[in-house]
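See below for the structure under consideration.
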Amino acid sequence: MMFVPMKVPLLDLRRQNLPMEAELLGAFRRVLSSGQFIQGPEVEQFESAAAAVAGARFGVGMSSGTDAILVALMALGIGPGDEVICPSFTFFATAGSIVRVGARPVFTDSCPECFNLDPGGIEPLITGRTKAIIPVHLFGQAADMDPVLEIARRRGLAVIEDAAQAFGAVYRGRPVGSLGDFGTVSFFPTKNLGALGDAGLLVTNDQALAEKARLLRNHGASRRYFHSLVGGNFRLDAVQAALLRVKLPRLAEYTAQRQEHAAEYNRALGGHMGVVLPTTHPDRTHIANQYTLRVRGGGRDALRRFLQERGIASEVYYPVPLHAQECFRAVAPHAALPVAEALADEVVSLPVFPEMTPEERGAVVAAITDFLESSA
Ligand SMILES: *Cc1c(COP(=O)(O)O)cnc(C)c1O
């Protein structure tokens with residue numbers, strides 16, 4: 001039999017968005033005919049519906065997930081001379097935002113099984129200058145929050161949860177984002193809830209912090225041309241809010257589909273010694289924003305080439321840990337973080353988008369199995 005390769009993309013946003021074209025166009029027309037493109041009811045209604053998903057009292061729409069982290073730091077008054085502890089194995093924005101407010105990121109190592117920050121590494125890094133901890137709920141699974149919150153409470157530190165990849169994930173019965181002082185969410189198109197452009201959300205249970213964040217996202221002005229704070233333009237567009245309102249009711253379904261793909265990968269790849277599959281802790285959910293496994297024995301790049309020859313896309317999140325990034329060399333002296341460094345060399349993320357077909361998933365599994373058997 002001739003081998004017919006099946007191309008599998010890393011994701012295909014058209015498959016998600018085009019079936020609801022009429023509804024999306026309807027939302028766009030609603031904004032178009034309202035004439036209100038900045039702030040207003042579309043943004044407010046999305047904010048309260050989305051805050052509820054994160055279990056938070058207040059939601060503040062943001063221009064991106066990155067700006068949500070930035071505004072959280074600004075609202076907490078963090079700036080020059082301050083230190084903020086965050087994982088090294090995460091997306092750039094987590095630490096980039098710390099540097100943008102003039103503070104110093106202090107990098108901590110990760111858990112080799114679940115890829116999230118290792119709470120045991122936090123306390124030795126705390127100094128008199130430490131002001132906050134930013135745990136990241138990486139790939140869709142909550143970080144171990146209770147020890148983080150306990151340390152923060154005892155040492156008087158703020159907690160900003162970077163929930164960009166974990167909107168709707170639950171830790172010990174509580175939705176992530178609402179456990180710390182602030183939670184930050186991204187609606188970048190590849191996240192579980194994706195806008196048609198850039199968008200983000202800041203959530204909090206603290207009314208005073210919510211009000212400060214609202215001021216900061218609008219140049220620090222509650223009344224036009226009267227500025228009580230120096231903020232910026234970090235607003236969520238009304239068009240994006242309206243489009244997100246169409247997609248928000250489908251978030252649970254998107255996540256369930258991702259989780260089904262992840263469960264099937266776990267089942268089908270479970271017996272192989274050559275790979276370490278992602279762990280889901282029983283006390284939390286994993287919303288499978290990424291399905292990321294570790295390839296043992298230095299075979300990660302060879303596996304990726306093999307997949308590519310079969311037409312199967314994969315990606316490395318993240319190939320360089322943040323403590324090794326050139327731009328942080330001056331602000332964060334290089335620490336040895338062995339787990340972050342090993343993960344950067346060994347991880348690969350597979351296609352796990354909701355609309356992937358069972359045939360496509362089967363092609364990914366078959367290719368990985370062939371690779372592992374041929375290299376065993
Ligand atoms: C996507 C992401 C961000 C940034 O979100 P944007 O909306 O792209 O600015 C921040 N942190 C993590 C962990 C992310 O994955």
Side-chain angles (χ1 to χ4, degrees), residues 10-11 13 46 50 54 59-74 84-101 105 107-108 110-111 114-117 132-143 145 148 159-169 176-177 180 182-203 213 217 232-237 240-241 243-244 247 255 258 278 286-292 315-323 325 328 340 343-344 347 349 352-353:
L10 197 64
L11 78 167
L13 299 171
F46 175 71
V60 185
M62 288 282 152
S63 33
S64 70
T66 302
D67 288 340
I69 303 170
L70 184 70
V71 170
L73 289 161
M74 291 168 81
V84 178
I85 296 171
C86 73
S88 173
F89 188 68
T90 174
F91 179 60
F92 177 78
T94 314
S97 305
I98 297 168
V99 176
R100 281 176 70 193
V101 297
F107 293 112
T108 186
S110 297
C111 152
C114 68
F115 312 122
N116 278 316
L117 94 171
I133 308 169
I134 309 186
V136 181
H137 305 306
L138 203 66
F139 302 146
Q141 179 171 214
M145 286 301 293
V148 174
V159 174
I160 301 168
E161 296 174 70
D162 183 344
Q165 301 179 6
F167 186 49
V176 304
F182 274 118
T184 67
V185 181
S186 167
F187 304 115
F188 186 77
T190 62
K191 306 291 160 91
N192 283 41
L193 179 65
L196 277 64
D198 280 308
L201 183 77
L202 193 51
V203 296
R217 80 164 160 190
N233 173 0
F234 304 118
R235 296 178 299 254
L236 169 66
D237 284 346
Q240 291 300 341
L243 298 171
L244 283 164
K247 297 187 74 176
T255 294
R258 288 175 178 276
H286 195 318
I287 67 163
N289 180 250
Q290 299 297 343
Y291 183 89
T292 302
E315 192 50 88
V316 175
Y317 306 110
Y318 298 93
V320 182
L322 298 186
H323 70 278
Q325 295 287 349
F328 295 141
L343 292 176
V347 290
S349 298
V352 72
F353 60 101

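Order of listing sets the numbers, starting from 1, for every ligand and every atom in it. Below, all heavy atoms of this structure are taken into account, side chains as well, without hydrogens, waters or symmetry copies. Everything numeric here is computed off the predicted structure, so don't read it as measured data.
Of all the atoms in ligand 1, the ones that sit under 4.0 Å from a non-hydrogen atom of Phe188 are 8 (O). Every atom of ligand 1 is numbered from 1 in the order shown, and the set under 4.0 Å from a heavy atom of Ser64 is 7 (O), 9 (O). Those atoms of ligand 1 that come under 4.0 Å of a heavy atom in Ala93, given as number and element, are 10 (C). Per-residue contacts place Ala164 under 4.0 angstrom from the following atoms of ligand 1 (heavy atoms of the residue considered): 2 (C), 3 (C), 10 (C), 11 (N), 12 (C), 14 (C), 15 (O). Listed by number with element, the atoms of ligand 1 under 4.0 angstrom from any heavy atom of Val136 are 13 (C).
One N or O on the side chain of Thr94 and one on the backbone of Phe91 form a donor-acceptor pair closer than 3.5 Å. Side chain of Arg258 to main chain of Phe353: no donor-acceptor pair is present (N/O by atom type, distance under 3.5 Å, no hydrogens or angles).
With respect to atom 15 (O) of ligand 1, the closest heavy atom belonging to the protein is Gln165 NE2, 2.6 Å. Ranking protein heavy atoms by distance to atom 1 (C) of ligand 1, first place goes to Lys191 NZ, 1.5 Å. Given atom 7 (O) of ligand 1, the protein heavy atom at minimum distance is Ser186 OG, 2.6 Å. Shortest contact from atom 11 (N) of ligand 1 to any protein heavy atom: Asp162 OD2, 2.8 Å.
Below 30°, between 30° and 60°, or above 60°: for Phe89 and Tyr318 the angle between ring planes is above 60°, a perpendicular geometry.
Counting all heavy atoms, side chain and backbone alike, Ala68 lies closest to Leu202 at O-CD1, 3.5 Å.
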For this session: Apply side-chain hydrogen bond (donor to acceptor under 3.5 Å, both in side chains) to the pair Asp198 and Ser64, showing each step before the final yes or no.
Result: CA-CA 6 Å; Asp198 280 308; Ser64 70; 5.9 Å; no
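Annotation: ring pair (Phe, Tyr, Trp, His ring centres under 6.0 Å) contacts of Phe167 (sequence neighbours excluded): Phe187. Residues meeting the ring pair (Phe, Tyr, Trp, His ring centres under 6.0 Å) test with Phe234, sequence neighbours left out: none.
Side-chain atoms of Gln165 and His137 form no donor-acceptor pair, as typed in the model, at a separation below 3.5 Å.
The backbone and the side chain of Thr66 each have at least one atom closer than 4.0 Å to an atom of ligand 1 (non-hydrogen atoms only).
For the residues Phe187, Phe92, Tyr318, Phe91, the heavy atom positioned nearest atom 3 (C) of ligand 1 is part of Phe91.
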